[in-house]
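Indexing begins at 1, ligand by ligand and atom by atom, following the structure's order. Predicted model only: the values in this text are computed from it and were never measured.
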Amino acid sequence: MSEMLIPTQASEPSLDDPRALYCDLLKKALTRYVFRETWMPYHPRQGSLHGRILQHGRHLLRRKGLELVLQFPFDAEARATGRDWPPEAETMIGLRRLDNLERCVKDVLERGVPGDLIETGVWRGGAVIFMRGMLRAYGDRDRTVWVADSFRGLPKPAPHRVEDVEDALWQVPFLAVSLEQVKANFERYGLLDGQVRF
Ligand SMILES: C[S@@+](CC[C@H](N)C(=O)[O-])C[C@H]1O[C@@H](n2cnc3c(N)ncnc32)[C@H](O)[C@@H]1O
């Protein structure tokens, strides 16, 4: 667990390049690296007496506009390397993979490689929001950013996929983010427009 902010390649952008500065801030906002999430909604375990009491308390609190939350220390390294599941950030892949994405998209733009951009499996949309932000920053008005997902989480593994059958992630509601929510996340950053297709 680290309290220090871990410097990353793209966290020290060239101060004379406003595009890099925008991308840097966008990455840190999408991962909540700058805001440091330190609490998440607390879901008491079903069944136990403790859980039932807390569940009851939670209903009472909600009537007053209050929420039961769990505090946790922000782990900057985990957030940089994409090893935690953020309560509110729009991406779970972490800063370093966003750095990598930035290098790839920049390379495509600088070398004039033709074609659109796509992410398959977007969750809350953070990585693909970042790609749309890069096109805006670099003045590209021609490419479409494609946002591909079930928008319902992972599918149930097919019985013949022996390697996936034990995988319970398809039952995890946290991984299911609706199309409306992903669109709202694009909108939050002012990046929902005709260059984005779902
Ligand atoms: C680990 S999350 C992706 C994280 C995301 N790239 C980010 O930046 O945080 C996996 C996503 O893939 C989607 N997904 C997984 N398997 C899928 C499938 N077979 N068809 C459609 N969507 C799928 C899920 O709905 C979920 O949103």
With atoms numbered from 1 as shown, which atoms in ligand 1 lie under 4.0 angstrom from a non-hydrogen atom of [X]?
{"X": "Met92", "value": "1 (C), 4 (C), 7 (C), 9 (O)"}
{"X": "Val122", "value": "5 (C), 7 (C)"}
{"X": "Gly153", "value": "24 (C), 25 (O)"}
{"X": "Pro155", "value": "16 (N), 17 (C), 18 (C), 19 (N)"}
{"X": "Trp123", "value": "2 (S), 3 (C), 4 (C), 5 (C), 9 (O), 27 (O)"}
{"X": "Leu175", "value": "25 (O), 26 (C), 27 (O)"}

| Where does Arg124 meet ligand 1, judged by heavy-atom distances below 4.0 Å: at the side chain, the backbone, both, or neither? | neither
| said: If we set the cut-off at 4.0 Å for heavy atoms, which region of Ser150 has an atom near ligand 1: side chain, backbone, both, or neither? | reply: both
Is [X] in polar range of ligand 1, meaning some N or O pair under 3.5 Å apart?
{"X": "Asp149", "value": "yes"}
{"X": "Gly121", "value": "yes"}
{"X": "Gly126", "value": "no"}
{"X": "Thr91", "value": "yes"}

| said: Strictly distance-based, threshold 3.5 Å: is any side-chain N or O of Asn185 a donor or acceptor partner for the main-chain N or O of Gly125? | reply: no
| field | Donor-acceptor contact below 3.5 Å, side chain Arg143 vs main chain Gly115 | value | yes
So that I can tick it off, tell me whether [Y] and [X] are bridged by a salt bridge, with the cut-off set at under 4.0 angstrom between side-chain N and carboxylate O.
{"X": "Asp99", "Y": "Arg103", "answer": "no"}
{"X": "Asp193", "Y": "Arg136", "answer": "yes"}
{"X": "Arg79", "Y": "Glu37", "answer": "yes"}
{"X": "Lys106", "Y": "Glu110", "answer": "yes"}

| query | Are Trp39 and Phe72 near enough that their ring centres are under 6.0 Å apart? | reply | no
| So, do Phe186 and Phe198 have ring centers that fall under 6.0 Å from each other? | yes
| field | For atom 6 (N) of ligand 1, the protein heavy atom that lies nearest, with its residue and separation | value | Glu119 OE2, 2.8 Å
| Taking the non-hydrogen atoms of Leu154, is any one of them nearer than 4.0 angstrom to ligand 1? | yes
| query | Does the ring of Tyr33 carry Lys27 above it, NZ/CZ under 6.0 angstrom from centre and within 45° of its axis? | reply | no
